[in-house]
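To start, the structure under review is shown below, and the notes come after it.
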2 protein chains.
Amino acid sequence: MTPDTETAFFSALAHPDRRRILDLLRLSPGSSVGEIASHFDSSRIATMKHLAVLEDAGLLISEKEGRVRKHWFNVVPIQRMYERWTDEYSSFWAGRLGSIQERAESRAAERREEGEKRA
Amino acid sequence: MTPDTETAFFSALAHPDRRRILDLLRLSPGSSVGEIASHFDSSRIATMKHLAVLEDAGLLISEKEGRVRKHWFNVVPIQRMYERWTDEYSSFWAGRLGSIQERAESRAAERREEGEKRA
DNA sequence: TCATCATGTAACTCACAGGTTACATGTTAG
DNA sequence: CTAACATGTAACCTGTGAGTTACATGATGA
């Protein structure tokens, strides 16, 4: 997971139209450029650029069939990013996901943070 | 979770220096502006702008004590974003780790090579 | 007190993201 | 065969993200 990979990932998701494209592909896998572009006010070329950004970040996969290019959402980068952030920041996550044992640890962590704040 | 909130969140994490600032705050809670800025080659003002972006996105909390402003990492936005994405995309999370990933890289790689040729 | 220190603000430059229009290329239906 | 169609590329414009230098403000230690 290089810094460039992470930057591409977050930059791609930083634009609302690009997040919406992923939503559209989740609901309608295999959509064409034209179908996706029809959901936006901006031009088809703008949509194509968004698709390129998403594909560079690995967030979607495309394949050309005849004169039509079809697109699919790819969950792998999100999964990887989830694992990276939950791993490195696990000390902040403990107890925030449901289990009783972890929640006890969480309160202790919060107290520690408060203590550090006052110090 | 408004679109603006999500955009601020991902935009904030889209810069490697800002992600590094969060790492620094995780390891050294309560760091000052100067302490954080000392880890980067760019100017202190650049760091201050990064801190402002992170604070606007809710990713850090700061408090001024005397002439020093102290900073803490805030996990809440990451937690919320995790819940939003894993919930809405959960149906894609199972059994997709094999064949898709390699294909995802190819077109993006082609575009990168084209760009390098032109450069 | 006052010189130094830490932070904050202002004003500017530069690169590039994100949009546009115009045109090119390849595919398919009639 | 060719006209309509779907996508791709080129060239350009504009706003803003991200950096800089210069200066201002408020706190603190000697």
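First the proteins, then the strands, lettered A, B, ... as listed; each starts at 1.
Side-chain atoms of A:I45 lie closest to D:dA10 of the nucleotides C:dG19, D:dA10, C:dT7. Out of C:dT20, D:dC5, C:dT7, the shortest distance to the side chain of B:K64 is found at C:dT7. Across D:dT7, D:dA18, C:dA10, the shortest atom-to-atom separation from the side chain of A:R44 is found for D:dT7.
Rounded to an integer number of Å, the gap from B:H15 NE2 to C:dA17 C1' is 14 Å. Here C:dT27 presents its C1' atom at 17 Å from CD of A:E63, a figure rounded to the nearest Å. Per the geometry, NZ belonging to B:K49 stands 10 Å off C1' belonging to C:dA10, to the nearest Å. At whole-Å resolution of the value, NE2 in A:H71 and C1' in D:dG8 are 12 Å apart. We find that CZ of B:R69 is positioned 14 Å from C1' of D:dA27, with the value rounded to whole Å. Here C:dT9 presents its P atom at 13 Å from CG of B:L51, a figure rounded to the nearest Å.
Between D:dG17 and B:H50, no contact under 4.0 Å exists linking OP1 or OP2 to a side-chain N or O. Taking 4.0 angstrom as the limit, A:R67 places none of its side-chain polar atoms (N or O) nearer than this to OP1 or OP2 of C:dA29.
Using a 4.0 Å heavy-atom criterion, one finds that B:S11 contacts no nucleic acid atom at all. Across all strands, B:S43 comes closer than 4.0 Å to base atoms (heavy-atom distances).
Each end of the helix from C:dT1-D:dA30 to C:dG30-D:dC1 gets its own axis, taken as the rotation carrying the C1' atoms of four end pairs onto the next four within a five-pair window, and the two axes meet at 20° to the nearest 10 degrees.
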